[in-house]
There are 2 protein chains.
Amino acid sequence: MVTDAPERDWSAAEEEIMEATYRALLEHGYAGLSISRIAAELGKSKAAIYYHYDAKDDLLVAFLEFAVDRFEATVATETGDEPTADLEHVVEKLLPLQPDEEQRQLQAVLVGLRSQAVTNGVFREQFTRIDERLAATIRDIVERGIEEGTFRDVDPSRVAEHILATVNGAMYARATTGREGAAAATRVSIASYVDSELRRD
Amino acid sequence: MVTDAPERDWSAAEEEIMEATYRALLEHGYAGLSISRIAAELGKSKAAIYYHYDAKDDLLVAFLEFAVDRFEATVATETGDEPTADLEHVVEKLLPLQPDEEQRQLQAVLVGLRSQAVTNGVFREQFTRIDERLAATIRDIVERGIEEGTFRDVDPSRVAEHILATVNGAMYARATTGREGAAAATRVSIASYVDSELRRD
DNA sequence: GTCTATAGGTTGATAGAC
DNA sequence: GTCTATCAACCTATAGAC
């Protein structure tokens, strides 16, 4: 990985609130998220939440960080010394061929949060950073592959952006459409893309 | 195009309400969308809106159709007889190199709506249909190119899904991050992909 | 068709007791 | 730290006059 984002440590109480927010989001979506709903999931009163967070906005920003941490923990990867395998590994983390329920849920929550980035600057900056890090991770692998002679002499940055956009698009479609086959087809096509665009001879 | 979706005709009053909803969404986002806000944009009372729509949900479903119509009108394309040019044309419509303000706004509104597809079945079906049509449009162009001998003998469906996912991902990033360069780089990379994956030497 | 007025509910947030 | 009780502001939706 390129950056080890310093991970914030959550108090037990905060973590429980974040977990309750996560469940409330899954059940009611971002538009239906309220302090009452979070309190209900938490099994405590609304005032208990306001003891830990001054305002709903603060809680939301904290939760954004929480969800992002969780996502990046999922993607984190010890890079080996085979660029092709590393690339496959990252792609599988981002766009699993058969996502389990946990992965689907996290993606669903992230899509809800990310849509807020259209109008909210704080959210926008966070997702900008996420994409920046992912692009850098992919670019580094491609660069290493070129140096080692495994990959052709392509523009690493261009290829990284291409792969990232494709993976993001397929994940987006998976979360917002019923086209299950589409995501699978895209996954296959990325492998084929890496092969024909990057592999020597 | 593959399907000429039968376009609904809106009464003048309905169209004004849809237009007001559009503006309200741009200003306050989906989470902040209320009948009061729409009424304010419309310059009429809330009751005037309830005369035309029984419930907020009905209005939302109508607006979804309205926004989708507008989007598909933007993408609609007279196909020429040059597959390569047709492909470029569709991609430019979906992911313009330099989107004007109107295009950006429509994309922003659509991202807001699409995130609702995670939890709302009606929205999900609409966006499934949109992606289905776009994939079919691209696939048809690729198939024609193969028959004509302009393109290599690839799997048209796989290539179509790849291009669609990439375009969607870049557009998504454009609407939700500050990474302007990323969208541009992806646009360029798609041209390069078409060239190396499809063009006969 | 559009208005004002209003009903009935939920929201975010606070005060004060324990 | 957590509770109950409460607040003003907002929400969706309707009734009834014009």
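Per chain, numbering begins at 1; letters A, B, ... match sequence-line order. Remember, predicted model here, so these are calculated numbers, not experimental data.
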Under 4.0 Å protein heavy-atom contacts per nucleotide of nucleotides 4-18 of chain D, with B for base, S for backbone only and - for none: B------SBBBB---
Starting at OH of A:Tyr53 and ending at C1' of C:dG12, how long is that distance when rounded to a whole Å? 17 Å
Integer-rounded Å distance: C:dT11 C1' and A:Leu60 CG: 14 Å
Side-chain ion pair, A:Glu102 and A:Arg70, N-O less than 4.0 Å: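 Looking at A:Arg70 together with A:Glu102, the answer is no, because their closest N to O distance does not fall below 4.0 Å.
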Check this for me, if you would: do A:Arg104 and A:Glu180 make a salt bridge, where the nitrogen-to-carboxylate-oxygen distance has to be below 4.0 angstrom?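 Yes, this pair counts.
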[Y] side chain reached by [X] side chain, heavy atoms, under 4.5 Å:
X: B:Glu161; Y: A:Ser189; value: no
X: A:Val167; Y: A:Ile138; value: no
X: B:Arg133; Y: B:Glu72; value: yes
X: A:Asn168; Y: A:Arg114; value: yes

How about B:Thr128 and A:Arg179: does a side-chain donor come under 3.5 Å of a side-chain acceptor?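 Side-chain D/A pair, B:Thr128 to A:Arg179: absent.
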Using modelled atom types only, decide if a donor and an acceptor are shared between the side chain of A:Arg152 and the backbone of A:Ser196 within a distance under 3.5 Å. yes
Under 4.0 Å from any atom of DNA chain C, heavy atoms only: list the residues of residues 10-22 of chain A that qualify, in numerical order.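 Per residue number, the list is empty: none.
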